[in-house]
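Chain naming here is simple, since letters A, B, ... match the order of the sequence lines and numbering starts at 1 in each.
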Number of protein chains: 2
Amino acid sequence: MARHLSDDELAAYFALRGAGDRLQRVVAQQLRAHDLTEVQFAILAQLGSGTDGIGMSELARGLVVTKSGLTYQAGQLESRGLVARRPSTDDDRGVLLHLTPDGRALLARVLPAHITLVRELFIDRIDPADLAIVRDALAQVARD
Amino acid sequence: MARHLSDDELAAYFALRGAGDRLQRVVAQQLRAHDLTEVQFAILAQLGSGTDGIGMSELARGLVVTKSGLTYQAGQLESRGLVARRPSTDDDRGVLLHLTPDGRALLARVLPAHITLVRELFIDRIDPADLAIVRDALAQVARD
DNA sequence: TCGCACTCGTTCGAATTGGAACGATACCAG
DNA sequence: CTGGTATCGTTCCAATTCGAACGAGTGCGA
């Protein structure tokens, strides 16, 4: 087993962390203008894109949050009327999270700016021919 | 300005977030076995690689932490004897953080496993020919 | 049917985080 | 020198985070 990382490998590793961190920072800052946390935005986005109503555990797995963290944030969003909890019909333990109309409206207001930001910071900085390579490579890393 | 992201672009974005998040999760889990936080490990690693003694603000800029967060973690590490604070000679406001022998020893114990993990999860999953492309692309994203 | 292991979402407490102060020092233009 | 402004690291507080434990419900094999 290799005992160290070459300069190139190290640089790639740092670039990955750097890119992720930077994106995270800038996005968080932008969302703060809408009184949204990254996690909260991620929840809304998940609920917005996809079938209506997602279980808490499934949601927590998709995002980078523990179940308890999600419970907390779901409570925050619920108290702001952006999200609603509804008991699951096919599993008495389950709770499904839904977007309220207000939540959907807020998401619609925030999403365009978010997309623009992703474009500026990420997509537009990469040669289109390389984007597919980057996508596939990173997808391999994300894969279990 | 484009109003949306194409499927490919979206996939690339998700891949980036997914890769970063996954790496972060797994690394955090590994470090927990050594009673270290990601942030704490990052501090030790920074102090270990480079000139001895780094100022708090400079350190905070390099890592993804606010100054106050760094003050807290420096305190934690200091109370465990892994790190030492020393006043800067050329700036009376400054404090330089140093690795203690214990800190250096712990770093030496943890680093190999960390490197192995980075290899397994990141480097080895990417075609060597693509690694340079990924590195350069992500470096552009990280760039200010 | 019973038991047993697993998953559900929540609660609790402790740890960590960021942001806005703050006192102290450095730096710079005038 | 003198003022104003920026930076240093710290402190404080509120918000958020995680992990462990929990009661409740599910599902499966014996």
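Two residues are said to be in side-chain contact when any heavy atoms from C-beta on lie closer than 4.5 Å; A:L44 and A:L36 meet this criterion.
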Listing, residues 12-22 of chain B side-chain donor-acceptor contacts under 3.5 Å, not counting sequence neighbours, or none:
from, atom 1, to, atom 2, distance (Å)
B:Y13, OH, A:H114, NE2, 3.2
B:R17, NH2, A:E38, OE2, 3.3
B:R22, NE, A:V141, O, 3.0
B:R22, NE, A:R143, O, 3.2
B:R22, NH1, A:D144, OD1, 3.2

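Taking side-chain N and O atoms only, B:R85 has no distance below 4.0 Å to OP1 or OP2 of D:dC8. B:Q76 has no side-chain polar atom (N or O) that falls below the 4.0 Å cut-off from OP1 or OP2 of C:dA15.
Candidate nucleotides D:dT16, C:dT16, D:dT10 were compared by shortest atom distance to the side chain of B:Q73, and C:dT16 ranks first. The side chain of A:S57 has C:dC8 as its nearest neighbour among D:dG9, C:dC8, C:dA15.
A straight line from CZ of A:R61 to C1' of C:dG9 spans 12 Å, rounded to a whole angstrom. Protein atom CG of B:L63 is 14 Å distant from nucleotide atom C1' of C:dT17, rounded to whole Å. In this structure, A:L77 atom CG and D:dT16 atom C1' are separated by 13 Å, rounded to whole Å. Distance CE (B:M56) to C1' (C:dA24): 16 Å, rounded to an integer number of Å. At whole-Å resolution of the value, CG in B:D35 and P in D:dG19 are 13 Å apart. Going from atom CG of B:L59 over to atom C1' of D:dG9 covers 12 Å, rounded to whole Å. One interatomic measurement links the two molecules: CG of A:L36 to P of D:dT16, which rounds to 11 Å at whole-angstrom precision.
Residues of residues 86-96 of chain B having a heavy atom closer than 4.0 Å to DNA chain D, listed by number: B:R93, B:G94, B:V95. Near DNA chain D, meaning a heavy atom under 4.0 Å away, there are no residues from residues 17-26 of chain B.
When every heavy atom of A:I54 is checked against every heavy atom of A:Q46, the shortest pair comes out as CD1-O, 3.8 Å.
No more than 12 heavy atoms of other residues, nucleotides or ligands sit less than 6.0 Å from atom CZ of A:R86.
Applying the side chain to side chain donor-acceptor pair (under 3.5 Å) test between B:S88 and each of B:D90, B:D92, B:D91 identifies B:D90 as the sole match.
Between the two ends of the helix from C:dT1-D:dA30 to C:dG30-D:dC1, each summarised by a five-pair axis, the helix axis turns through 30° (rounded to 10 degrees).
One distance of note links CG of B:L63 with CD of B:E58; it measures 10.0 Å at 0.5 Å rounding.
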Please tabulate, one pair per line, each protein N/O and nucleotide N/O from nucleotides 18-21 of chain C that are separated by under 3.5 Å, including the distance.
from, atom 1, to, atom 2, distance (Å)
C:dG18, OP2, B:T66, N, 3.3
C:dG18, OP2, B:T66, OG1, 3.3
C:dG18, N7, B:S68, OG, 3.0
C:dG19, OP1, A:R32, NH2, 3.3
C:dG19, O6, B:S68, OG, 2.8

Produce the list of close N/O pairs, under 3.5 Å, pairing protein atoms with atoms of nucleotides 2-4 of chain D; give distances to one decimal.
none

